[in-house]
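Structure record follows, encoded as structure tokens.
Convention: sequence-line order gives letters A, B, ...; per-chain numbering from 1. Keep in mind that what you see is a predicted model, and the values were worked out from it rather than measured.
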Protein chains: 2
Amino acid sequence: MAATLKDVAKLCAVHPSTVSRVIRGKENIPISPETREKILEAVKNLNYQPDQTARALRLKKSNVIGLIIPNFSSPYFSSIAKIMELECSKQGYTLIVCDTNEEQEKEIRAVNDLSSRGVDGLIIAPVQECDYHIRELAIKKFPFVLIDRCFDNIETNAVICNDEESAYNAVVHLINLGHKKIGFISGRPNLYPVIKRLSGYKKALQDHDLALQEKYIAGVNPTLEDAFNSAQLLLNLPVAPSALIISGSIITLGVLKAIIEKKLAIPKDISIIGFTDTIYSPYLICPLTTVTHSIKEIGTKAFELLLHNIINEDNPSHSKVTIKAEFFIRGSTTQNNSNE
Amino acid sequence: MAATLKDVAKLCAVHPSTVSRVIRGKENIPISPETREKILEAVKNLNYQPDQTARALRLKKSNVIGLIIPNFSSPYFSSIAKIMELECSKQGYTLIVCDTNEEQEKEIRAVNDLSSRGVDGLIIAPVQECDYHIRELAIKKFPFVLIDRCFDNIETNAVICNDEESAYNAVVHLINLGHKKIGFISGRPNLYPVIKRLSGYKKALQDHDLALQEKYIAGVNPTLEDAFNSAQLLLNLPVAPSALIISGSIITLGVLKAIIEKKLAIPKDISIIGFTDTIYSPYLICPLTTVTHSIKEIGTKAFELLLHNIINEDNPSHSKVTIKAEFFIRGSTTQNNSNE
DNA sequence: CTGTTAGCGCCTTCAC
DNA sequence: GTGAAGGCGCTAACAG
């Protein structure tokens, strides 16, 4: 059994609260050098570690921040976790991360679990099938900020991306290269960023007098297999697209699989633009042209908003910050020479 | 402020302990249907959530398991996190994950933090610069299991890989293809798996009468940049290797970068075998031949050992389980036709 | 400078 | 079937 304050106190023949005082080591609390010495000695001998659970219960403050993401395996979200970790530790917070596996039920459990476990604040990339638990958090004035995805009808802090605009620009890039048959493949279509990207995609087509073809739009679940199937669907169309906008890093792999299996060459036979950039993008079968949002920017901004709400808990802010995309042109897009 | 047991009790004009009883909903505790009804009603109205911090303090049991990994951004470790999440949630545990950024100091903090925060057990992929804190855990009989890396001189639970043997086999594969100049590039050379792989590498050379060339061995830090530098070193040697064993998924990217920059073709100019497989391996500039260990196996086995130690806390087991490698032959290795 | 007291929110005996 | 009391380990406020 681990040593407690009491054990240390007994060993030193002082009161537990005295031990507590030297442990916390605040400057302005007067302690005689001898007792401090004595206590520090005992602490070392007993290998005493303050029980953070008890401390959190007492203080209503844990110095822990929770991050809830839908998928550890997504390089996008794991990079966000990485950045958040760095940011938190810089400010003396511990970060703990939960994976919801894109399941709404698990997200609700994670939110309840972490908040009732005394984390000081939460950063959430929501699954977005329901919003009840998010509303609850807002009502309780529990400090949290959403990232990547948000709800238009709830006032919250959120750090989101200019997905509509950046998708628009990506499509225009393809149009300028002479592409007229442009497909769009995503994971779950009801996701905030996907909705926005799709809207940008449609607008770009419209603005350039290209007819919208519903059959060029596909995507069901955020898995490699589903993306593979969606891509096959498009590639096997009688008139297949000459370019693809791909929404999601794992989705991109599924699409690549379909392209490889059909023995198409990138970009000769088909141009592709991926959302979002990962460390792998330059090293793929064809170096990937990507639209991406600075993960560092998302992370630091989210943390900043959260910290502000932790400090001003009674008077929470509700800012929606939008991060501007960057566009990395690599080898996966080229001129379309066919005339259609 | 969130509602407490007391609030619910007051609203129902019962004693808090009564509320506690219905909340936990144990079968064998007798409660009159009316009071149960009344209390459940109030719980819903107040949106009462039991405070897990207080509960953990009282029960010495949190149903939380902590995972400590050196890098969220590594697909290897993030996949492990994924698997662990699935495993834990299957058994009613919540998983929380901490990233140590390969820093020993952060790992120590994470271990202390999580253990003093009442997690029921810990799974750790240690940084391996020191082992004091790991020893402490063992002495305290705190339930934990090491993964991927372990200490030869501490008795612990651990799930490790047959790195020596699998590296040996990988090198033999290259030798059988006619390669004689085989390089070895890793991240931190003092890491358990790297030591083992290197040892297997050396043994294979020796068994096939190939001289060990120290200059063919490189690697300092587990970063893309360092791997890039290491690879450049080898590739620019007067007599450069014709094949490379690469230890680590991020390391592989650094090596690819160097190969691309030197305009070498894989596998024509150089064959490579990577540890470990990721979802990206088939889609890289050249589909990667890899040695890998089933992450699912690692995760489920680690969880199993941990659970055993959580349940039998006073009488901990110390098993070292070794996972056998799989070998995926893809396109990045081929016959060496030069005669050297 | 140090001890005493009270209580964070919960659960577990032990009464009745 | 339910209430009362005590305590998990810690800290804050108040004494002295």
Any carboxylate oxygen within less than 4.0 angstrom of a Lys/Arg side-chain nitrogen, looking at [X] and [Y]?
X	Y	value
B:Glu85	A:Arg109	no
A:Lys141	A:Asp314	no
B:Lys301	B:Glu304	yes

Could you tell me whether A:Thr53 contacts a base, only the sugar-phosphate backbone, or nothing, with contacts defined as non-hydrogen atoms closer than 4.0 Å?
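No contact at all - A:Thr53 keeps every heavy atom at 4.0 Å or more from the nucleic acid.
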Contact class for A:Leu57 (heavy atom, under 4.0 Å): base, sugar-phosphate, or nothing?
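Base: the residue A:Leu57, judged by heavy atoms under 4.0 Å, touches a nucleobase.
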For atom [atom1] of [X] and atom [atom2] of [N], their distance in whole Å:
X	N	atom1	atom2	result
B:Leu5	C:dC10	CG	P	4 Å
B:Arg117	D:dC10	CZ	P	13 Å
B:Lys61	C:dG9	NZ	P	24 Å
B:Gln52	C:dC8	CD	P	18 Å
B:Lys6	D:dA4	NZ	C1'	14 Å
A:Tyr48	D:dC10	OH	C1'	7 Å
A:Ile39	D:dC10	CD1	P	13 Å
B:Glu34	D:dG1	CD	P	10 Å

Can you tell which of [options] lies closest to the side chain of [X]?
X	options	result
A:Arg58	C:dC10, C:dG9, C:dA6	C:dA6
A:Arg24	D:dT11, D:dT2, C:dT2	D:dT11
A:Arg21	D:dT2, C:dC10, D:dC14	D:dC14

Can you tell me if [X] touches the phosphate of [N], counting only side-chain N or O atoms and a distance under 4.0 Å to OP1 or OP2?
X	N	answer
A:Lys60	C:dG9	yes
A:Thr4	D:dC8	no
A:Arg55	D:dT11	yes

Exceeds 12 heavy-atom contacts within 6.0 angstrom, atom CD of A:Glu105
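Counting neighbours around CD of A:Glu105, 12 or fewer heavy atoms of other residues, nucleotides or ligands fall under 6.0 Å, so no.
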List the residues meeting side-chain contact (heavy atoms from CB on, under 4.5 Å) with A:Leu40, not counting sequence neighbours, and say none if there are none.
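By the side-chain contact (heavy atoms from CB on, under 4.5 Å) rule, A:Leu40 matches A:Val22, A:Arg36.
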Run the numbers on B:Asp131 and B:Asn153 for side-chain contact (heavy atoms from CB on, under 4.5 Å), then give the verdict.
CA-CA 10 Å; B:Asp131 59 12; B:Asn153 53 350; 4.2 Å; yes
Considering only heavy atoms, which members of residues 9-18 of chain B lie under 4.0 Å from some atom of DNA chain D?
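Correct list: B:Val14, B:His15, B:Ser17, B:Thr18.
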Looking just at side-chain N and O atoms, do B:Ser317 and B:Asn309 make a donor-acceptor pair shorter than 3.5 Å?
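Present: a donor and an acceptor within the cut-off.
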